[in-house]
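Below is one structure, written out as structure tokens; the observations come after it.
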Amino acid sequence: MAVLSIVLIVLGTLLAAVALGVRFAGGSSILTGVRPGDVTDMAALNRWAGNRLLVLPATSLAFGVAGLLDPVYGLLGCGVLVIVGFATITWLMLGTERFRVDR
């Protein structure tokens with residue numbers, strides 16, 4: 001069961017790298033489904049999205065470390081991470097609308 005905790009810690013590290021990559025992407029179009037012409041400020045969108053994406057590694061790392069203390073948290077963390085992942089994707093999809101250019 002400690003294997004799940006280690007997997008969560010490694011996954012949390014990778015997710016942190018992705019979230020920070022989006023956060024510090026500047027004005028480049030790094031997010032899928034977002035065209036640069038449709039966004040008022042791409043750098044602000046990347047900062048906003050990167051900050052929201054940091055919820056995923058925080059959740060993964062918290063449950064990974066807790067799972068090293070008690071293996072039940074490692075198993076629970078896998079389920080919670082899936083739910084938090086879907087919630088974060090929904091949060092991003094709904095929130096990016098305020099960065100779109102009005103046509």
Side-chain angles (χ1 to χ4, degrees):
M1 280 303 229
V3 172
L4 283 177
S5 300
I6 294 169
V7 168
L8 284 173
I9 291 171
V10 170
L11 183 63
T13 305
L14 293 173
L15 288 172
V18 170
L20 290 174
V22 171
R23 168 74 174 85
F24 295 109
S28 62
S29 179
I30 195 168
L31 296 172
T32 303
V34 177
R35 285 182 270 156
D38 293 344
V39 177
T40 56
D41 187 3
M42 186 63 76
L45 173 61
N46 286 337
R47 277 192 309 274
W48 181 85
N51 288 339
R52 285 2 175 230
L53 286 172
L54 286 172
V55 170
L56 294 171
T59 304
S60 182
L61 290 170
F63 276 101
V65 170
L68 291 176
L69 302 174
D70 187 2
V72 173
Y73 291 116
L75 185 59
L76 180 65
C78 290
V80 169
L81 190 60
V82 170
I83 293 169
V84 170
F86 284 129
T88 303
I89 290 169
T90 304
W91 190 10
L92 289 174
M93 286 183 349
L94 295 174
T96 56
E97 291 300 317
R98 63 182 172 166
F99 292 98
R100 293 205 184 263
V101 175
D102 293 328
R103 291 185 185 212

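Hydrophobic clustering of Ile, Leu, Val, Met, Phe, Trp and Tyr side chains at less than 4.5 Å, counting indirect connections, unites V55 with L53.
In terms of heavy atoms, A25 sits closest to I30 at CB-CG2, 3.9 Å. When all heavy atoms are compared, the tightest approach of W91 to W48 is O-CH2, 3.7 Å. The shortest non-hydrogen separation linking G67 to S5 is C-OG, 2.9 Å.
Taking the side chain as every heavy atom from C-beta outward, L20 and L54 approach each other to under 4.5 Å.
Using a 4.5 Å cut-off between side-chain heavy atoms of Ile, Leu, Val, Met, Phe, Trp and Tyr, L69 forms no hydrophobic cluster with any other residue. When hydrophobic side chains of Ile, Leu, Val, Met, Phe, Trp and Tyr are connected at separations under 4.5 Å, V18 ends up as a singleton with no cluster partners. Under a 4.5 Å side-chain heavy-atom cut-off, the cluster of Ile, Leu, Val, Met, Phe, Trp and Tyr residues that includes F86 is completed by V82.
Applying the side-chain hydrogen bond (donor to acceptor under 3.5 Å, both in side chains) definition to pairs two or more places apart or across chains, those involving residues 14-31 are R23-N51. Under the salt bridge (charged side-chain N to carboxylate O under 4.0 Å, His left out) criterion, no residue pair touches residues 41-67, with sequence neighbours excluded.
Taking I89 as the reference, M93 meet the side chain to side chain contact (heavy atoms under 4.5 Å, CB included) condition, with sequence neighbours excluded. Partners of V80 under the side chain to side chain contact (heavy atoms under 4.5 Å, CB included) rule, at least two apart in sequence or in another chain, are T59, F63, L76, V84. Taking the ring pair (Phe, Tyr, Trp, His ring centres under 6.0 Å) definition, one finds that Y73 meets it with nothing, sequence neighbours left out. L11 is linked by a side chain to side chain contact (heavy atoms under 4.5 Å, CB included) to L15, S60, L81, counting only residues two or more places apart in sequence or in another chain.
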For this session: Under the side chain to side chain contact (heavy atoms under 4.5 Å, CB included) rule, what do L8 and L61 come out as? Steps first, then yes or no, please.
Result: CA-CA 6 Å; L8 284 173; L61 290 170; over 6 Å; no
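We find the CG-CG distance between L68 and L4 to be 11.0 Å, quoted to the nearest 0.5 Å.
With hydrogens and angles ignored, the 3.5 Å screen pairs no side-chain donor or acceptor of D38 with any backbone N or O of R100.
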